[in-house]
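Everything below concerns the one structure shown next.
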Amino acid sequence: MQQEDLVYERKLRPIWESIEIGNYKKALQDVEKMLKKKPTLQCARALKAWAYQRLGRTEDSAPLIAALEQEQPIEATTLHALTLCYKETHRLDKICTLFANAVRQVPGSEELLSQLFIAYMRIDDFKSLQSVALQLYKLRPRNSYYFWAVMSVVLQALRGPDAQNAQKAQLLLALAQRMVDKFIAENKLEGAQEAQLYLQILQEQHKYGDAYDFLQGALCQKLYPGAPVYVRIDLLKQLNKWGELNRLLKELLLQEQDRWDYYQDYINSTFELIKAGDKPEGADYTVEMCHEFLCDIIEAQPKKFRGPYLARLELNRRMVELRYADDQLFGKMSDMLAEYFELFADKPCCALDMKLFLEFVKPAQERRTLATKLMNGLGLSSATLPASKEQMQRHICTLQIARYSGAHAIVSEELLHAIYTSLSLHYEHGYNAYGQGLLVTDMGPSDAYALLAAQIMYERAWRMKRSEPAIEALCLLNHLLTNSVNNFHAKLLALQLYNRLGLTQPAQAAYEELDIKHIQLDSLGYLHCSHLANAGFPAVAKGMYECTLYFFLNDTEANSEFPKQLYNFGTFSKLVEIIDFRSRLANSFQYMLVSVETLLLMVVSFSGILSQLLAAYRQTRPKPHEDRIRWEKLHDNRDLTIFVCWDPPGEDDTVLEEQLSNGECGQGQQLSSKPVGATLEERRERLQKLSYEQDLDLLRLRSGLSRMLFSLVELYLSRTTIEFGVAVELRDNWVTVTEDILSKRHVPVSGQYLVNLLPSRLHLYLSLPYQRVFTQLADFALDLWKGHSLERLTEAADRCTGDVTAVFETMKRAIDTYHESMDLLWHWKATHELVNGCIEMISLMVFVMAVCYDKYLHAPATQTLPNAGKKTKKQSTENSATGSTEANNDAPGNVVPEKERLALVTKVLRELKQRINEADLVLASWKPPVVEDSLSAAIERMSLNPKCATTVQSAIAENALTEVRELRKLLKDKLKLMSKAI
């Protein structure tokens, strides 16, 4: 029999290969031949199910898998094939059941137990992991298996169901410690990772003294001699052994004189000693001793390092922050920054270093005075150019500091334009003089001139409320990218500029140039992908959403395998980090938002008849009654540090302060009680929290809308009172959510500076009548389903037709206002967002009404409301949901006939048809923005590549024409969707 199995295994190998290379039909043909000879062969049937899944025929694979589950296979290849089937359908819990059944039949199999351990690991079932690990250790006493069990206990305490219960978590950690103590007592501890895990267990219990003693002990020194010094540093901090920490860091700094993290901890330990009044021998316990130590390093260093100079600035900053008297400081902050500038201004990082301390130069006027002093010290005038690459870098540094100090905020628009012109010419000179012959991956040494110029020009555009300066900035950025094709800073600014002008098509091209992929789809997707839902290009949005969802769905599966490698190699220290990373991805805000928008976009952008749309809907079949978003675990994974910002702090602080004091930030009032004007990092965190609150409400709004609308569709597809109750509940939730969001009075993020966050789409939906339109649409659909009062139904239908007219009028008014404006491009973004929002509302109304019409059209003539003579448990809820003030008479004879209900639906659909046709005419009259020829001539006079101006000019015109064409096609698709009714 064993020989026969080997024969079949050889014959199955080509089938495996066919599936792996994508030749699924051949695999099916071959497996069918084999099953004719041996119909009971389990692995062949599992491969057949896998091939069906790859072909998208899940209805054919399901019976095969179910039959195999009943048989409870134990053969390795069959188990592997079924594991792949479960992975592709994201049913990882089934893998656990599969191997648990196999282990029961073959209890002494180390291989099956190992596979069961991995299966539980994928679903984070830490308690089962502990049990299986101990079974493995009992079967084969290895340290690795024992410490699998120890780590599983630790994970139960830190990330398991009992992690929030402090008492249970401490008991589990104590158990883990006892398990390791037993091994230490028996002298069985063998490796560095085991010692590291023991240190982690002690630290999690806050037994820092025990952990420090173990770290310094002979056993740890033997097993874990390469323990990172930061472990000792962290433990000394926790134990408040500031003297010992200070001495340690002094030793380390004498060896590594450019370690900024060491300097920060050293200075902090000094201030802690001052605070405690301790004077340990060999430690620096006064600011004078600390300063002397830093000066000694500066004098003794063989080469010029930035670290000790930055440390002096940090020491002075801390003293300013702690309100030391001026005569106690080691110099004025502005003078120390000027000294730092003299030493390091030829390095591109100099301005970023100084930015950390500039806000401690007060008042703002003194910061501008410092910038002027640095500029004058260069010996350059408006008529002279840098004589060397180093002088050019110093000039760039002074310009960046000047902008951050607010020098550009107090000048006129005309002077801003003059600064832009000067910077453009400096860029061109720097490129010609020092930017030739670089590698394609290098950034040009003068690129910073152009980046700064673009930001200045956008600020001028914002002040003037005119688009010409923004177009000049785009032309300059395009010119820069022809010279430095891989300058991602320029690509980011171009993307931001296109999005601020509402130019979706060129923004998409800029986004593609950035080549954002993998984890960046989560951390940087907010730059572009998050704004595509109402951008006028459904095909582009669909492609971006599919790409993003593919990453999330497949990366979750890939990340589930990482802990397997960590367990195998005993790298326990990274397990918690990996589990947290998986959780952040699985509960990513970007993932949830794109998932919701994809479902709505499927309806809005569909091209075909209703039966085809319903077929597509059934494939993705959302379950409105299930809220798949775990709101309490949502995570904001955006990377807001991607932009290098030189805009002066102040305005966003003012906005934040006003919103917090007026209670306009929702939960923001509890997020921070620190005064505005804190550090740069604190301001960024506050802005991120504020913007995230708005985006979180956006997700609540969009999720609530999609669930409510799809519950209405499910109601008319299933026609059960259960679905009716769900629809009523979701309608009420929608009203509650919209009212709660409106009550917060969210304020958009300022658009003054180019690198600011773009305003949340939430503000678009709040400016349009989404709440009224979809609440009344739901009321009409629910009343229609009940059908108890013709008068009530007629009023509800009239309200819906009125909403259709109101949405059309909003769209028409937006385009008329746009045509009256002096600068069409500057008003394009606001207009096209409103137009797209109106078209989305019309599209969603068409879908719901078309489903209602289809059901009543095909309803039997004698059909009455399901369960018409019975009262439901949710009757009172249903009445209040639809605003009923009359008694609910459930007598079958009072039900409005299907024919009359059909007529009311037809009335709404006819109004939709009329307004869609009118909207098409309005869209046809929508004028595209144009770039004046005089602007193109001005750009050519700037010695920029004329092709850049032509490229930007054609991109703007092509974007508008394509968007109008796409929207008109979308409206025609809506007419096709309701063709049966009209």
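Just the heavy atoms: all of them, side chains too, but no hydrogens, waters or symmetry mates, feed the values below.
Without hydrogens or angle criteria, K389 side chain to P445 main chain gives no donor-acceptor distance under 3.5 Å. Checking side-chain atoms of R306 against main-chain N and O of W260 turns up no donor-acceptor pair under 3.5 Å. Judged by distance alone, with hydrogens and angles left aside, the side-chain atoms of Y591 form no donor-acceptor pair with the main-chain N or O of T548 at under 3.5 Å. Distance alone, capped at 3.5 Å, places no donor-acceptor pair between the T962 side chain and the N959 backbone. With hydrogens and angles disregarded, a donor-acceptor distance shorter than 3.5 Å links the side chain of N756 to the backbone of S750. Judged by distance alone, with hydrogens and angles left aside, the side-chain atoms of N487 form no donor-acceptor pair with the main-chain N or O of G444 at under 3.5 Å.
Considering only heavy atoms from C-beta on, F589 stays 4.5 Å or farther from N637 through its side chain. Between Q508 and M544, the closest side-chain pair of non-hydrogen atoms falls below 4.5 Å.
Electrostatic pairing of E366 and K362 does not count as a salt bridge here, judged by no charged N lying under 4.0 Å from a carboxylate O. Ion pairing of E390 with R394 is absent here, as no side-chain N (NZ or NE/NH1/NH2) approaches a carboxylate O to less than 4.0 Å. A salt bridge is absent between E685 and K689; no separation between the charged side-chain nitrogens and carboxylate oxygens falls under 4.0 Å. A salt bridge is absent between K347 and D353: the closest approach of a Lys/Arg side-chain nitrogen to an acidic carboxylate oxygen does not fall below 4.0 angstrom. Salt bridge absent: E413 and R466 never bring a charged side-chain N and a carboxylate O closer than 4.0 Å.
Classification of the Y458-W826 ring pair by plane angle, with boundaries at 30° and 60°, yields tilted. Under the 30°/60° scheme for interplanar angles, the aromatic rings of F330 and H291 are found to lie parallel.
Between the side chains of T441 and N486, no donor-acceptor pair is found at a separation under 3.5 Å. Side-chain contact check for E958 and S954: no donor-acceptor pair (N or O, by modelled atom type) lies under 3.5 Å.
For the pair R460 and Y420, the cation-pi test (distance below 6.0 Å, angle within 45°) is failed.
Taking the six-membered ring for Trp and the full ring otherwise, the centers of Y449 and H395 sit less than 6.0 Å from each other. Residues F344 and Y340 bring their aromatic ring centres within 6.0 Å.
In summary, of the residues considered (M464, H417, E459), a side chain to side chain contact (heavy atoms under 4.5 Å, CB included) with P469 occurs for M464 alone. Here the rule is side chain to side chain contact (heavy atoms under 4.5 Å, CB included) with I456, and of V411, L399, L416 only L416 fits it.
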